[in-house]
Amino acid sequence: MNTVSINIPATKNPTYSVLIGEGVLKELPTVIANLGLFDSVALLYDEAVQGLAEKLDIEIMIPIKSGESSKTMSEAERITSELLARGINRQSLLICLGGGMVTDLGGFVASSYMRGIGHINIPTTVLGMVDASVGGKTGVDIGAAKNIVGHFHHPRSVIVDTDTLSTLPKEQFCEGLVEIIKIAAIMDKEFFEELESNIEDIILRDRPTLTSCIQRAIQLKAVSVEEDEKDTGKRLLLNFGHTVGHALEVLLKFTLSHGKAVSIGMACEMQLTDSEDADRVIRLLERIDMPTKLPQQYSAREILEAMKHDKKAISSSLRFAAPKRIGEGTVMELDTNSFELQFS
Ligand code: GLY
């Protein structure tokens, strides 16, 4: 078992641990005991992991329907009412078991319930492990506006048990690998090279290789979150692929998965940097069977419009993050003319 510690000094509980390894879920009772005394514990879980949820032996169990469509205010209200009815109070603990949808929604409920209670994240997807469950971003969607309501509310602990990935469908597994390739490409050349060498073993879920690459990705995410908790500097680099990717998700009304949208976004954004490393990133994405080309049915102008619409809420300029060279991510202004020229 390995541990990554995350330090956010200005918060109420400044340090939390991410336990990583095969079978580490059995440590849950110890993790809870080490956090202190809780009046009660409630488990929020994705119905897709019902079997795993039952094994945790927690009396108060609240299932959530699978899929991003559950990440809503009305679902947060339903869960809140349920917690209230089951006697959950300020000294209680909420456990969130599932992918990014559950940890985003559950973290949001934990951040708001009685002005904030503690929660533990137990991600069961690659995407959840390396991105959503770590770093304190919580939120729900309003229509196409993803994560538009939410708080920074860090979990008290995160348990990353790579055994839980054995039943994850291959496509969903590879969609999560996109975020690992992303973080290596922007922050760590050596890690990127290791991914290039080991990607077949990772796809085959060779447990030690997979566990070590998930751990490395979490360590890198921890560095960016510790340096820039509130997303105004280094953490923005984690948006590599997301400026184009999010516009595609919106245009396609979320019928394209987040991982695939980000994969296409990374390929496009790399090409905009004129980096000689663009081909390496694209090749690695292709080796995990992820798409790297913009969907034919939209013109470059339509995609640009979707990006502008999305960004209007937060900024007047269109920016994106990408590595000029592998391991060296930067945030850049998007040149809309060259985007149109390149992708028409
Ligand atoms: N998902 C990107 C971040 O946590 O900042």
Side-chain angles (χ1 to χ4, degrees), residues 4-8 10-11 16 18 20 68 71 96 98-108 110-111 119 121 123-141 145-155 157-158 160 172 175-188 191 214-250 254 257-266 269 307 310-311 313-315 319-323 329-331:
V4 174
S5 273
I6 304 196
N7 261 290
I8 313 286
T11 52
Y16 62 98
V18 185
I20 307 160
E68 184 74 16
K71 231 176 85 178
C96 307
M101 178 276 285
V102 176
T103 56
D104 282 2
L105 170 66
F108 175 66
S111 73
H119 72 294
N121 283 337
T124 57
T125 62
V126 181
L127 180 64
M129 289 177 180
V130 299
D131 194 33
S133 69
V134 174
K137 283 188 181 174
T138 75
V140 295
D141 309 334
K146 278 185 89 179
N147 303 318
I148 201 72
V149 183
H151 304 113
F152 287 95
H153 184 72
H154 292 269
S157 187
V158 182
V160 171
Q172 207 181 341
E175 285 162 4
L177 296 184
V178 171
E179 296 280 349
I180 297 183
I181 295 175
K182 174 202 81 177
I183 204 157
I186 51 169
M187 288 181 77
D188 190 335
F191 182 28
I214 286 176
Q215 181 178 336
R216 189 88 166 255
I218 293 171
Q219 272 161 340
L220 290 170
K221 174 134 195 201
V223 169
S224 71
V225 170
E226 283 180 346
E227 264 186 48
D228 174 30
E229 185 209 359
K230 295 280 160 66
D231 215 2
T232 55
K234 193 174 177 101
R235 191 167 180 170
L236 289 172
L237 295 177
L238 300 179
N239 286 333
F240 175 32
H242 287 64
T243 302
V244 173
H246 192 214
L248 295 178
E249 285 183 278
V250 170
F254 297 95
S257 73
H258 182 69
K260 287 187 180 140
V262 170
S263 176
I264 298 171
M266 282 163 63
E269 293 173 15
M307 281 192 260
D310 178 37
K311 289 287 167 196
I314 47 168
S315 138
R319 292 188 302 167
F320 69 105
T330 36
V331 176

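Residues: numbered from 1 along the sequence shown. Just follow the structure's listing: the first ligand is 1, and inside any ligand the first atom is 1.
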Task: Lys260/Glu175 salt bridge by N-O under 4.0 Å criterion - done: yes
TODO: Begin with the C-alpha distance, continue with both residues' side-chain angles, and end with the deciding distance and a verdict on side chain to side chain contact (heavy atoms under 4.5 Å, CB included) for Val140 and Asp104.
DONE: CA-CA 7 Å; Val140 295; Asp104 282 2; over 6 Å; no
Task: Heteroatom proximity flag, Asn239 to ligand 1, N/O under 3.5 Å - done: no
TODO: Looking only at distances, please establish whether an N/O atom of ligand 1 is found under 3.5 Å from an N/O atom of Asp231.
DONE: no
- [ ] Sort out for me which residue in Asn147, Asp131, Asp231 forms a side chain to side chain donor-acceptor pair (under 3.5 Å) with Lys137.
- [x] Asp231
Open item on the list: Would you say that Asp188 contacts Ile183 through its side chain, given a criterion of any heavy-atom pair below 4.5 Å between the two side chains?
Closed with: no
TODO: Enumerate the atoms of ligand 1 whose separation from the nearest heavy atom of Asp131 is less than 4.0 angstrom.
DONE: 1 (N), 2 (C), 4 (O)
TODO: Pull out every atom of ligand 1 sitting under 4.0 Å from any heavy atom of Leu238, numbered as shown with elements.
DONE: 3 (C), 5 (O)
Open item on the list: Under 4.0 Å, counting heavy atoms only: does Lys221 come that close to any atom of ligand 1?
Closed with: yes
Task: Nearest protein heavy atom with distance in Å, relative to atom 3 (C) of ligand 1 - done: Lys137 NZ, 3.3 Å
- [ ] Could I get the full list of side-chain hydrogen bond (donor to acceptor under 3.5 Å, both in side chains) partners for His246, not counting sequence neighbours?
- [x] Asp310
